Every structure is written in C-alpha cells, then in structure tokens.
Amino acid sequence: MSHLASADPEVAAAIAAELRRQQDDLELIASENYASPAVLEAMGSPLTNKYAEGLPGRRYYGGCEHVDVVENIARKRARRLFMVEGHDIGVNVQPHSGAQANAAAFLALMKPGDTFLGLDLSHGGHLTHGSPVNASGKIWRPVHYHVGSDGFIDMDEVRDLARAHAPKVIVVGASAYPRTLDFAAFRAIADEVGAVVMADIAHIAGLVAAGLHPSPFPHCQVVTSTTHKTLRGPRGGLIMAERPRMKAVNSAVFPGTQGGPLMHVIAAKAVAFGEAATDGFRAYQRRVLDNAQAMAARLVERGFRLVSGGTDNHLMLLDLREEPISGKDAETALGLAGITVNKNTVPGETRSPMVTSGIRIGTPAMTTRGLGVEEARQVADWIADVLRAPEDESVRARVREGVTELCRAFPVYPGWSA
Ligand SMILES: *Cc1c(COP(=O)(O)O)cnc(C)c1O
C-alpha cells in the first residue's frame, strides 16, 4: 500500500495498526473472519469507480460490459453453491450488507403494517428481525418467538404464534443460536397458515455451502445472507429466492432500497464464492465445527454452563448467570489478555443489554489462521483461567503471552507486515 502510505500517512497508520491487531490478537467474535488476499485485491480494485444501477444486460449506465461479466460470475457461482437439485433459484448479489438484504426481502414480501414472526433479539435473533429500534420493527409488525428453557427454539410456541397472528412471513435465522435450524419444521407451520418462510443464513452460510448445515432450500422461499461471516468473503449481502419471486426481490433491492451497487465488492463476492466451492473450503468448515466442539467440551469440563449445553455449529454462548462475572466484564478481561469476544444476552437474562450475563464465542476466524483442536482446547483453558480470576493481572499477563506466541506461529496473512 505504498501510494496510501505516502499520500495519507494518517489513515495508513491506522490501517497498519488494525492489521497488527488482527495479526496479534485471537479473534473469537463469531461473526468475523479473515478474507483471503485475493478477495481483498478484488475489493481494492478500480471497479469501485463504476456506476451500474440495474442488472447485467439491463443497466441504466453505459460502459457496464466488464462489470456485467463480474456480476454474472458472482450470480452463477452463488447459485451453484446454494441451489439444491431440482429446485431452481435466482440470486441477487447487490445488497450492501445483511441488513440491506433483509430490508429488501421484507419490502419484496410484505406491505407496511404486515405481521411477521422472528426470533427474539435477546434469545439469539437479529436487530433486523423486528427490533423496535430497527426499520423492520417500525414499518412492519413483528411478533417474536423464543428459545425454551433448554436453549432450543420452542417450535410449539412458533406454531401457536403462527396460528394466533397469521403472519405474512416467518423469519428463520439467528446471530447467537448454537443449534441447527429446522427449516422443514418452519415450512410445515408456515404452510398451515399461508405464510412465506424467509431464512436468514447470515451466520451459517459457509456451513450451508459446505453441506455441514441443512440447506434452507427447498423449504424456504426466500433466503438472505451476509457474505463476510462463515462464508469468508467481503463485507456484504446476498438474496436468493425461488425463481418466480426474483422479479419482486430484484426491484426491492434496486430501486427499492439501494442505488448503485458496489461493483468492487461484487467482484470480491465472486472470488469468495469461487473459493467456497473448493474442497479446501469444505475442509475448513469441518475444522470450524471440530474446533467449536473441542472448545465447548473443554469449557464444560472446566465447569462453565453453555446455553443449550453445547453447539452444533461455529459458535457457543457462555452462560455466566451463575458466575460472579458479567458479560461486559468478561469481554473486558479477555480483551486485556488478547482474546476478542463479545458480550451477549442469554435466555432468562437478568442484566441489561449493555451488561449482559453471557459471552458469544465463535471459531471461524481462529480456524482460518490455522488453529486446530489442540489449540482450541488451549484457548478454552485460557478463557476459563481469565474468567475465574478476572482481577488477577498475573493470569492475564500469562495468557497474553501465550496468545502472542500462538498468533506469531499462525499468522493471518503470512509475509505481510504492518
Ligand atoms: C450479521 C447479521 C445480519 C446483518 O448483517 P450486516 O452485514 O451486519 O448488516 C443480519 N442477520 C443476521 C442473522 C446476522 O447475524
């Protein structure tokens, strides 16, 4: 980045510091990952200069012949990645983010004021699934379902709410849910009340692409996702739908909710979808799951409680309600030891959302840098050590030293220096 360093040393220095942080700290935020150098190059390309409102072959601007090639590659690869045999789907790769994908999907599926079901935010749902502070909760009428005391989604409640409220849409998806989503069960309930099932696979898209989480298709009529979580692409969004619904989806993206698409990001999405179709990517997702299993097992051995008792996917929720430490203080203590996690509410939460009684731990990023089950167990031990003695500076210093050594041995971008 020699141009940037000489043209704008101030911004260049902050970027270098962030690269150092990513290299030197252990990233366990479940929604984060490290995109490949190829993805980063596509994102940093002159495609950012191009306006391309509309779809390939039907643009509102001239000069789109090359970005058309790029967007068509992205659409074709995403379709191949997520389509199931005998069930045709279309893809829109233009949403700027997961939230934008959800806004467009809602616009395509509902009129203002229509009712939908979604998972409660404090039970693992997402802001865009009907939180009162988000447009989804202001424009449409959300009704929330929950997880039961066992930590699993309460499908009886979903059925009861569906019958009572006759929603237009049932949203299936989560940001902090460690278990497998049963898309077929949601579809059966939706069919009973004439609702459409919209899956939001923002977190689990990489697992779905690798065949390690059941596919939302053919059960869900519309599927939204991010491209930067387990899928390991650039920061962005994606909408897929049964073919007859694509016209509504496409016009809900543009002109419904967005202007010009980010063609440099779409190029990076195309690269990431290509990577996700490889055997290497499937093996990576397998290791993500193995690492989550190893970490969950070790935390339970060390006497911690996990919401639902464990995990089927890439993340786990540590339930600290019976520990003397809050989620906020746990996040801070681990951060000082070089381990990055986020505080999270847990079912039956008694503290405020700014404090919480839980932390969310995910394995996608640490697995990308090459850590395996042996290291996962070690990291779980470090987390346990810090959380059991959060005020003990010597424990934190010892863990920080171990983290630094581990990160040096497993560089994120080998050969890059900040
Ligand atoms: C992360 C996430 C989103 C939002 O994605 P952004 O790219 O941050 O807008 C939407 N839905 C779910 C379930 C998520 O986890």
Side-chain angles (χ1 to χ4, degrees), residues 27-33 35 39 43 78 82 92-109 116-131 133-137 140 142 144-147 153 169-181 183 186 197-209 213 216 220 222-240 252-253 257-258 261-262 265-266 268-269 272 288 311-317 341-345 353 358 360-365:
E27 185 55 73
L28 298 181
I29 292 178
S31 51
E32 294 192 9
N33 214 328
V39 166
M43 237 186 316
F82 291 101
N92 187 304
V93 295
Q94 294 187 357
H96 301 328
S97 69
Q100 289 290 111
N102 285 348
F106 279 15
L107 192 67
L109 292 170
F116 69 97
L117 300 191
L119 179 61
D120 189 271
L121 181 62
S122 69
H123 284 229
H126 191 261
L127 280 166
T128 56
H129 298 180
S131 161
V133 297
N134 181 264
S136 59
W140 296 283
H144 286 120
Y145 56 88
H146 303 85
V147 299
I153 291 173
V169 175
I170 300 180
V171 181
V172 190
S175 299
Y177 185 64
R179 295 300 181 175
T180 302
L181 295 168
F183 298 117
F186 276 93
V197 187
M198 171 184 146
D200 176 351
I201 61 169
H203 260 265
I204 56 172
L207 297 171
V208 171
H213 185 289
C220 307
V222 176
V223 177
T224 60
S225 185
T226 62
T227 50
H228 51 275
K229 299 181 183 177
T230 52
L231 197 49
R232 208 164 66 178
R235 190 158 292 283
L238 176 69
I239 307 181
M240 300 173 277
V253 174
T257 50
Q258 294 188 169
L262 311 175
V265 178
I266 289 172
K269 287 174 185 173
V288 167
T311 177
D312 298 327
N313 60 23
H314 62 295
L315 69 83
M316 65 209 77
L317 273 171
V341 299
N342 62 284
K343 63 179 181 283
N344 217 99
T345 52
R360 187 181 67 162
I361 300 173
T363 54

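As the structure is a computational prediction, the values presented were derived from the model and not from experiment. Whatever order the structure lists them in is the order used to number ligands and atoms, beginning at 1.
- Side-chain contact check for Ser31 and Arg360: at least one donor-acceptor pair (N or O, by modelled atom type) lies under 3.5 Å.
- Residue-to-ligand polar distances place Ser175 within reach of ligand 1: an N/O pair is separated by less than 3.5 Å.
- For Gln258 and Gln94, the side-chain atoms include no donor-acceptor pair closer than 3.5 Å.
- For the pair Tyr145 and Leu119, the minimum side-chain heavy-atom distance is below 4.5 Å.
- Atom 8 (O) of ligand 1 has His228 NE2, 4.5 Å as its closest protein atom, hydrogens excluded (heavy atom only).
- Side-chain atoms of Val223 and Phe82, non-hydrogen and from C-beta on, never get closer than 4.5 Å to each other.
- Below 4.0 Å from some heavy atom of Ala202 lie the following atoms of ligand 1, by number and element: 2 (C), 11 (N), 12 (C), 13 (C), 14 (C), 15 (O).
- Side chains of Met43 and Val265 form a contact here, defined as non-hydrogen atoms less than 4.5 Å apart.
- Under 4.0 angstrom from ligand 1, there are no non-hydrogen atoms of Gln100.
- Protein heavy atom nearest atom 11 (N) of ligand 1, with residue, atom name and distance: Asp200 OD2, 2.6 Å.
- Short contacts between ligand 1 and His203, defined as distances under 4.0 Å to a heavy atom of the residue, involve ligand atoms 15 (O).
- What sits closest to atom 6 (P) of ligand 1 on the protein, heavy atoms only, is Gly98 N, 3.5 Å.
- Considering only heavy atoms from C-beta on, Phe106 stays 4.5 Å or farther from Thr128 through its side chain.
- Among protein heavy atoms, atom 3 (C) of ligand 1 sits closest to His126 NE2, 3.2 Å.
- Side-chain contact, Asp200 with His129: a donor N or O sits under 3.5 Å from an acceptor N or O.
- Within the 4.0 Å heavy-atom criterion, the part of Ala174 lying near ligand 1 is the backbone and not the side chain.
- Taking a cut-off of under 4.0 Å to the non-hydrogen atoms of Thr226, the atoms of ligand 1 that pass are 5 (O), 7 (O).
- Atoms of ligand 1 found under 4.0 Å from any heavy atom of Asn102 (numbered from 1 in listed order, with element): 10 (C), 11 (N).
- Of all the heavy atoms of Thr224, none lies under 4.0 Å from any atom of ligand 1, so neither backbone nor side chain is involved.
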Start with the C-alpha gap between Leu181 and Ile153, add the side-chain angles, then the distance that decides, and say whether side-chain contact (heavy atoms from CB on, under 4.5 Å) holds. CA-CA 8 Å; Leu181 295 168; Ile153 291 173; 3.8 Å; yes
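- Contact check for Ser136 versus Asn102: no side-chain heavy atoms found under the 4.5 Å cut-off.
- When only interatomic distances are considered, the shortest N/O to N/O separation between Ala99 and ligand 1 falls below 3.5 Å.
- Regarding atom 14 (C) of ligand 1, its nearest protein heavy-atom neighbour is Lys229 NZ, 2.9 Å.
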